[in-house]
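Numbers restart at 1 for each chain; the letters A, B, ... are given by sequence-line order, proteins then strands.
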Number of protein chains: 2
Amino acid sequence: MKEHTVTARSNDSARDIPEATVARLPVYLRALVALAEQQISTCSSEELAAAAGVNSAKLRKDLSYLGSYGTRGVGYDVDYLRYQIAREIGVTQDWPVVIVGIGNLGHALANFSGFRSRGFRVVGLLDADPDMKDQTVAGLQVRPFDDLPEIATENGVAIGVIAVPAVAAQDVADALVAAGITSILNFAPTVLSVPERVDVRKVDLSIELQILAYHEQRKAVQTL
Amino acid sequence: MKEHTVTARSNDSARDIPEATVARLPVYLRALVALAEQQISTCSSEELAAAAGVNSAKLRKDLSYLGSYGTRGVGYDVDYLRYQIAREIGVTQDWPVVIVGIGNLGHALANFSGFRSRGFRVVGLLDADPDMKDQTVAGLQVRPFDDLPEIATENGVAIGVIAVPAVAAQDVADALVAAGITSILNFAPTVLSVPERVDVRKVDLSIELQILAYHEQRKAVQTL
DNA sequence: AGGAGTTTGTGAACGGGAGAACAAAACGAG
DNA sequence: CTCGTTTTGTTCTCCCGTTCACAAACTCCT
Ligand SMILES: NC(=O)c1ccc[n+]([C@@H]2O[C@H](COP(=O)([O-])OP(=O)(O)OC[C@H]3O[C@@H](n4cnc5c(N)ncnc54)[C@H](O)[C@@H]3O)[C@@H](O)[C@H]2O)c1
Ligand SMILES: NC(=O)c1ccc[n+]([C@@H]2O[C@H](COP(=O)([O-])OP(=O)(O)OC[C@H]3O[C@@H](n4cnc5c(N)ncnc54)[C@H](O)[C@@H]3O)[C@@H](O)[C@H]2O)c1
């Protein structure tokens, strides 16, 4: 295989990748990791698309936003493409993360191994409940919520996870923002209001289930 | 206020609501429940949109797919609209749900109160690990995975939640489909392959974090 | 009853993403 | 070196979703 040449786009860091593409890059990355584990060193857009569960034309278009990392007539080098996507997403180094609210969900998240293996490192577990103090979860001591600013600045934390009850979520978000955090993953079923510069993504179990219920209901109606 | 008249659309159950709208209806529903709890009986599209974190024009267009449930010059009746959305989504009665994989995450899900209050009822907790049998989680006994067909048919279960490790997810999905389940919520980081008629939605923590990381990285680059 | 003020429902313009289709590029065989 | 085969990168078209903007509908006040 020919030496990979760095094409024009790869140094130009200001180009913007469509949001829909950004959301799929992690899926491609995961599929590439799986292929690498199977000792597969090259793959076509067709194969990778199948592994990622998308259309191959869409995959190629998505990858073309990053640059020209394939070889016509051959396909993509698994390791090389994997590195390029990881670099583009920004997970070549680990991001420090804090989790707030170590209840049912917070426990599960703290124990989640996928964090570590996918570019993230949990550096703080915080809870307002004084009884939680001194408890150790997943090898990390639970700290009082007031320690947030200290932990955040010490570790240069940019990403925070909210796993507290809905009523407390906005307060926690405000505190996270005050502590300099600029990206929030919110598990509480609330609309958070944050400054413009802060990104919020939500994961909402009830919403997902209700969407399924809607389609389920339609199926039922249609088969009558 | 004038009596609500049932408009042309409300009986026509075959019209299709855009997917993007379906995904927002649960958000509106939640906002309406919150308003009702504050004893607010009427609200404008502007107010409801603010509570739901969307543009008011978008809200109105979304609601217009359900029918004409507002009153010009006045706004929407909170209870009435709430019922109409719940009916449209299909959460006026509870949907039975099974959870497969009672590990870290499965425990948290089983204990999640939001299930019950939002139109869903957990009727089965399943795990392949024999040591889990006889354990009671959230007032429900954990059953062996082989009991799935029995539990599913007994309760008329249509929705299943997968919370097992990625390697087992496809097998579990196959079993769920074989047991007659037609909607799956998948927490495992895998692309599931299922028959056409089965709906799958995925919740993927790592992907969400990686999307945040991408934007975080861009912020860092831009402020250099 | 009529006019002023308010708010919904929707037509129309616009922007972004999905997918088909193909030209350009690489490779191997002869 | 040339031709045929393979597969990428990209163009073009279509569709879905967002947003604007406004007429229609309703309330309230005089
Ligand atoms: N359990 C689930 O499977 C699940 C699923 C989806 C969403 N959620 C949502 O995630 C959130 C947490 O759920 P849970 O089941 O873990 O609840 P939980 O009650 O078990 O845990 C909440 C934790 O947050 C802590 N807390 C409360 N207020 C706080 C504050 N101001 N600052 C810091 N910590 C605070 C509490 O001490 C507690 O430990 C809820 O909003 C819930 O709706 C949970
Ligand atoms: N823990 C989290 O916060 C978290 C977050 C996001 C995603 N996930 C994903 O959710 C899944 C579960 O995570 P976890 O932390 O709860 O893992 P876990 O290992 O704690 O639990 C998995 C459970 O599934 C059971 N199981 C395994 N194979 C099975 C099978 N074939 N049939 C039935 N049950 C089976 C195991 O006995 C175990 O109890 C994983 O795919 C993980 O990647 C977890």
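When side chains are defined from C-beta on, B:Leu25 does not count as touching A:Gln210, because their heavy atoms never get closer than 4.5 Å.
Rounding to whole angstrom units, OH of residue B:Tyr28 and C1' of C:dT8 are separated by 15 Å. Between the CG atom of A:Leu48 and the P atom of D:dT6 there is a distance of 20 Å, rounded to whole Å. Between the OH atom of B:Tyr80 and the P atom of C:dT8 there is a distance of 16 Å, given to the nearest Å. C:dT8 atom P lies 11 Å from atom CG of B:Leu81, rounded to whole Å. In this structure, B:Tyr76 places its OH atom 13 Å from C1' of C:dT6, rounding to the nearest Å. Computed from coordinates, the A:Asp77 CG to C:dA26 P distance equals 16 Å when rounded to whole Å. With rounding to whole Å, B:Arg72 atom CZ is found 5 Å from D:dA24 atom C1'.
Taking side-chain N and O atoms only, A:Ser45 has a distance below 4.0 Å to OP1 or OP2 of D:dT8. The shortest distance between the side-chain N/O atoms of A:Thr71 and the OP1/OP2 oxygens of C:dA26 is not below 4.0 Å.
Ring-centre distance between A:Tyr69 and A:Tyr76: not below the 6.0 Å cut-off.
Interatomic distance, OG1 of A:Thr42 versus CD of A:Glu47, reported as 9.0 Å (0.5 Å rounding).
Residue A:Ser64 has its side chain nearest to D:dT10 when only D:dT10, C:dC27, C:dT8 are considered. For B:Ser68, the side-chain atoms get nearest to C:dG9 when compared with the rest of D:dT8, C:dG9, C:dT7.
Although no hydrogens or angles enter the test, the distance criterion places no donor-acceptor pair under 3.5 Å between the side chain of B:Thr21 and the main chain of B:Ile17.
Sorted by first then second residue, the side chain to side chain donor-acceptor pair (under 3.5 Å) pairs that include residues 164-174 of chain B, not counting sequence neighbours, are B:Gln170-B:Asp174. Applying the side chain to side chain donor-acceptor pair (under 3.5 Å) definition to pairs two or more places apart or across chains, those involving residues 180-191 of chain B are A:Glu216-B:Thr182, A:Glu216-B:Ser183.
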field: Contact pattern, 5' to 3', of nucleotides 12-21 of chain D - B, S or - by protein heavy atom under 4.0 Å
entry: B----SSBBB

- request: Might you work through the salt bridge (Lys or Arg N to Asp or Glu O under 4.0 Å) test for A:Asp199 and B:Lys219, ending with a clear yes or no?
  value: CA-CA 10 Å; A:Asp199 278 318; B:Lys219 287 180 205 164; 3.4 Å; yes

